[in-house]
Amino acid sequence: MKNKFYITTPIYYANAKPHIGHAYTSVAADILARWNNQQGKKTFLLMGTDEHGMKIQKKAEEKKKDPQQFVNEISEEFKGLCEKININYNGFIRTTDKKHEETVQKVLQLLYDRGFIYKGTYEGLYCVGCEQFKNESDLVDGKCPEHGIKPEKIKEESYLLKMKEVKSQILEKIKKQELEISPEKRRNEIISFLEKNELKDVSISRKNVSWGVPLPFDKKYTAYVWIDAFLNYLTGIGWNGSIEQFAFSELSEMKWWPPDIQLMGKDILRVHASIWLAILIYLDIELPKRIFAHGHILSNGKKMSKTLGNIIGVDEMIRRFGVDGTRYLLISAGTFGEDIDITMERMVEKYNSDLANGLGNLVSRTIKLASVSDFQFLISNKLPISDEKFSEKIENLRLSEALEYIWKVIREDNKYIEDNKPWELVKSDRKNFEKIMEKLAFDLFVISELLVPFMPETSKRIKKALENNESVILFKKAE
RNA sequence: CGCGGGGUGGAGCAGUCUGGCAGCUCGUGUGGCUCAUAACCACAAGGUCGGCGGUUCAAAUCCGCCCCCCGCAACCA
């Protein structure tokens with residue numbers, strides 16, 4: 001299918017409630033989806049929840065809940081988050097969906113039959129207390145933080161996915177831009193990582209995790225969550241696990257494939273650029289066109305954490321700044337792709353100056369000028385707005401720059417009003433007054449069009465206010 | 001010698017690849033305006049671009065060394 005746009009977010013791990021990072025990724029994805037939709041493309045935004053694995057099993061036990069019930073609740077919370085911040089998703093995949101699980105098993109079997117999965121041994125640090133393998137980064141002073149004991153190095157039988165042999169293929173495809181990884185910085189990182197390191201074969205089975213998809217060829221094991229999770233990008237648009245489905249992709253429900261953009265946090269870029277790509281290559285499925293890794297949200301230069309008490313909640317932001325205000329503040333906080341740093345204090349400032357005093361006040365004063373002088377705006381919904389500079393910024397995911405571009409117009413219009421003094425002209429020179437008002441109306445219309453992906457409700461409200469010549473307070477001052 | 005990111009006026013950032021008067025927003029000061037959400041506009045103050053050295057007619061930008069902060073170290077989203 002031509003003229004389509006398929007975008008994915010990572011599926012969110014359902015071991016805890018959603019936080020602002022999830023909102024950030026989701027809003028960005030939503031903006032890109034809405035923008036492409038506005039450009040006349042058929043779009044599909046896929047989101048979802050990743051619901052298997054040891055962590056979830058344990059969390060459910062702690063709360064004395066059945067794991068399925070536990071993830072049902074969390075999954076609803078993630079959907080709720082999407083509603084709250086106005087994410088217009090087209091599909092929401094859950095890895096505990098029956099169809100997804102079946103497809104995962106099919107794929108595992110296929111990879112096994114083709115010899116890409118083999119039985120070997122996995123060596124790792126095993127904590128007897130937790131009954132699971134630990135990462136070195138999980139340890140405190142070389143000990144398990146929960147049990148205070150040193151994990152043992154043990155070997156265990158395990159199923160492994162071959163990685164060594166695909167490495168050069170992955171590297172080549174990235175280098176040849178068959179798959180674009182951006183920002184460029186991240187691309188370079190991945191390339192140098194692949195060039196400098198051997199890719200070890202990855203263990204894809206878990207012995208002590210009952211909450212997972214059983215390996216079809218050895219039911220004693222369940223699949224490691226990543227394998228399960230990655231396939232969501234395929235099952236989420238209706239893949240049933242048969243390779244034939246791709247042969248007629250123009251006609252089948254796989255018409256969305258490949259993803260035009262896969263959006264994710266920088267933390268999971270590396271696993272995507274290795275394991276995920278390996279799976280696709282083994283399955284002979286076309287790679288995504290582009291993977292974009294964004295940065296993390298910091299608060300006052302630090303990761304948000306309960307101990308530091310610097311957590312900023314989505315609900316609180318919505319309460320103070322509204323839905324569109326929250327979307328604006330998240331996206332305008334810094335270059336998309338870099339880490340961004342937010343604090344409540346600065347957000348209040350930015351909200352007041354950009355939204356209340358900037359956009360809100362411009363709309364308000366323009367409409368007041370019109371209504372006291374019986375000027376009627378002619379809203380020309382006929383003209384499709386296309387602004388190349390703006391488009392280019394969005395295509396390159398320079399999202400905050402795109403917003404700055406709009407705000408430049410807002411400032412210019414404020415100056416324009418100041419310079420032309422329409423409140424005087426209305427008494428002396430009606431003709432010129434109308435000329436000025438038309439220019440303002442046109443600009444506001446353009447602004448509202450450009451804002452559609454970023455602040456859909458605000459955009460509608462501006463248009464409505466212009467049509468009805470009705471004064472509005474778009475954004476109340478925040479304290 | 002593990003890998004990577006960052007250090008730019010009071011705050012937050014852009015600019016570094018491809019060298020050419022140091023840019024944006026906020027805040028501050030002074031003045032102006034009254035259509036507007038005490039909003040808006042103009043002007044001004046404020047920077048040895050982390051440090052030292054090198055290349056160059058010219059360095060925030062290229063090269064070398066050093067200091068400080070922050071991530072990551074793949075089976076952890």
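A, B, ... follow the sequence lines: proteins, then strands. Residue 1 opens every chain. Every value quoted in this text rests on a predicted model; they were computed, and no experiment measured them.
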Just checking [X]: base, sugar-phosphate only, or nothing, at a heavy-atom cut-off of under 4.0 Å?
X: A/Leu474; result: base
X: A/Asp419; result: nothing
X: A/Lys421; result: nothing
X: A/Asp267; result: base
X: A/Val271; result: sugar-phosphate
X: A/Gly334; result: nothing
X: A/Ser203; result: base
X: A/Leu199; result: base
X: A/Lys408; result: nothing
X: A/Leu369; result: base

Is there a donor-acceptor contact under 3.5 Å linking the side chains of [X] and [Y]?
X: A/Thr9; Y: A/Tyr89; result: no
X: A/Thr49; Y: A/Glu51; result: yes
X: A/Asp201; Y: A/Tyr118; result: yes
X: A/Gln262; Y: A/Thr8; result: yes

Taking only the side-chain nitrogens and oxygens of [X], find out if one of them lies under 4.0 Å from OP1 or OP2 of [N].
X: A/Lys303; N: B/C72; value: yes
X: A/Arg411; N: B/A39; value: no
X: A/Lys55; N: B/A77; value: yes
X: A/Lys368; N: B/A36; value: yes

Query raised in the report: Between A/Phe193 and A/Arg270, is there a cation-pi geometry (under 6.0 Å to ring centre, at most 45° from the normal)?
Result: yes
Query raised in the report: From B/U37, B/A77, B/C35, pick the nucleotide closest to the side chain of A/Ala356?
Result: B/U37
Query raised in the report: Looking at the side chain of A/Thr335, which of B/C35, B/A77, B/C13 is the nearest nucleotide?
Result: B/C13
[atom1] atoms of [N] and [M], separation to the nearest Å:
N: B/G29; M: B/G4; atom1: C1'; result: 43 Å
N: B/G32; M: B/U37; atom1: P; result: 23 Å
N: B/C24; M: B/A58; atom1: P; result: 28 Å
N: B/U28; M: B/C21; atom1: P; result: 31 Å
N: B/C43; M: B/C26; atom1: P; result: 14 Å
N: B/A74; M: B/U55; atom1: C1'; result: 40 Å
N: B/G31; M: B/U25; atom1: C1'; result: 22 Å
N: B/C70; M: B/C1; atom1: P; result: 25 Å

Query raised in the report: When you match A/Lys476 and A/Asp354 each to their closest nucleotide on RNA chain B, which lands nearer the 5' end?
Result: A/Asp354
Query raised in the report: So which one's nearest nucleotide on RNA chain B is more toward 5', A/Glu424 or A/Val472?
Result: A/Glu424
Does [N] have a Watson-Crick or wobble partner in any strand here, with both distances under 3.5 angstrom, and which is it?
N: B/A58; answer: none
N: B/G23; answer: B/C13
N: B/G71; answer: B/C3
N: B/C43; answer: B/G29

[X] has an atom [atom1]; how far is it from atom [atom2] of [N], in whole Å?
X: A/Ile297; N: B/G12; atom1: CD1; atom2: C1'; value: 15 Å
X: A/Phe78; N: B/A77; atom1: CZ; atom2: C1'; value: 9 Å
X: A/Lys200; N: B/C75; atom1: NZ; atom2: C1'; value: 10 Å
X: A/Glu404; N: B/G12; atom1: CD; atom2: P; value: 16 Å

Query raised in the report: Are the side chain of A/Asn396 and the backbone of A/Glu392 linked by a donor-acceptor contact shorter than 3.5 Å?
Result: yes
Query - Backbone N/O of A/Ser448 and side chain of A/Ser459: donor-acceptor pair under 3.5 Å - result: yes
Query raised in the report: Would you say the side chain of A/Asn361 and the base of B/A36 hold a donor-acceptor pair, judged only by whether the two atoms sit under 3.5 Å apart?
Result: yes
Query - Which atom of A/Ser299 lies closest to which atom of A/Ile312, heavy atoms considered - result: OG-CD1, 4.0 Å
